[in-house]
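Order of listing sets the numbers, starting from 1, for every ligand and every atom in it. Atom set for the values below is all heavy atoms of this structure, side chains included, hydrogens, waters and symmetry mates excluded.
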Amino acid sequence: MSNPSAPLRIGGAAWLDADAGVAERRDLFMVDGVIAPDDGREAPTLDASGLTALFGLWDCHAHVGSLMYDPGASGYFESASQRTIRAGENMREAATMGVTGIRCLDETDDLDLSWARAYESGSTPGPRVRGAGRALRATGGHGTAFPRTYTRLDVMMICDGPDAMARAVRTQIERGAHWIKIMLTGGLYSPHETADGAQLTHAELASALEVANMRGIPVAAHCGGTRPAIDFSNLGGRSVEHGYMLGEEAADVLARNGTWLVPTIGVTHDQEYIAAEGWPVHAAERSRELMPIHAAALRACIDAGVPIALGADLNPIGPRLHREMEMLESLGLSRRWILHAASVGGRALNGFGPGSLPEPGAAADVILVDGDPLERLDVLRRPRFVVTHGRLVAADGQICWPER
Ligand SMILES: [Zn+2]
């Protein structure tokens, strides 16, 4: 099935509509990467009798090759090609775990964009990827004090002033970025910043958004604070990342403008992971302190009606995205809400439409699982079949290589 246009039929599954929360028998036909009306032509058929079908999961905040937090300094001498291979393996493992879409918000050397093209072409199996290439930050901005400056890799672009910002956005567009990622406020990791303090001037932010919006490229902002989030949203930004300290006022503005939130709740709630990964003391402390504030911000956004998609911001992608979903469940969110945000939400944020049903024309990124995810989210961890771009890419945890 290496031909991108090869048709595929899936019979016998019940489609789980994440909007309505009900499952009904629905046979699927797909060709050229999208769901299509079944015209009866010859096509390989997957027998999915008894399985539940649904749109696959999206990790909307990934850094696919990131070694942050890297206490062993294993990335210090790593080359771009080594990192690219690791990133590809990370994404492929995620696909076997039902992650059919990944939005990568900051990577070196456009490796996310290269993998996106390879997976889409069908030359190698993998998820659908939407990437930002390198993130844009100001001198001294978020990301300055990540654990190490690697010797061979340049992860972010540094831009000071509106002109530099405009040039950087245009450079990223020229390189094929699907998204622009900006570091608008501080975050957890760097000692010299706060999680809500703005790091771009209004003129810099406006410049980035004007150029990106003019070109129809959505902008995602690392943003922990209310004022910066309001500015970003009012200037036409598409998604606020983390939103650690968003208050009700920000939630209302985001909801009114249709600006998304990707909460990445694990970076403040998964203290076990943070301890195991060896985060620096100040970062672990800040994460702990922000935990209840971050949860309240998420709740305010849900109550206000802000559209929400999920992202883990941690590696490896597959296990961490499932953990993110578990943590949201432990915060009291319903499995249906979580499933909707993870699948339909991710698709909508990335421009694949808001639909929760496999209508003709819908991107054919589908998983088939044993059991009902609305009863137990963990049935999503090991799908029987995973389809991306309309091609079977994994079955029972194993990658399905294209026939040559
Ligand atoms: Zn991130």
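- Using a cut-off of 2.8 Å, one finds that Glu241 contributes no N/O/S atom close to the Zn ion (ligand 1).
- With a 4.5 Å cut-off on side-chain heavy atoms, Pro319 and Met97 count as touching.
- Trp115 places a side-chain N or O within donor-acceptor distance of the main-chain N or O of Thr84, the cut-off being under 3.5 Å.
- A tilted orientation is assigned to the rings of His61 and His242, their planes being inclined by 30° to 60°.
- The backbone N or O of Gly224 sits nowhere less than 3.5 Å from a side-chain atom of Asp196 that would complete a donor-acceptor pair.
- Not one N, O or S atom of His222 sits under 2.8 Å from the Zn ion (ligand 1).
- Nearest N, O or S atom of Asp313 to the Zn ion (ligand 1): atom OD1.
- Within the 2.8 Å limit, His61 places at least one N, O or S atom next to the Zn ion (ligand 1).
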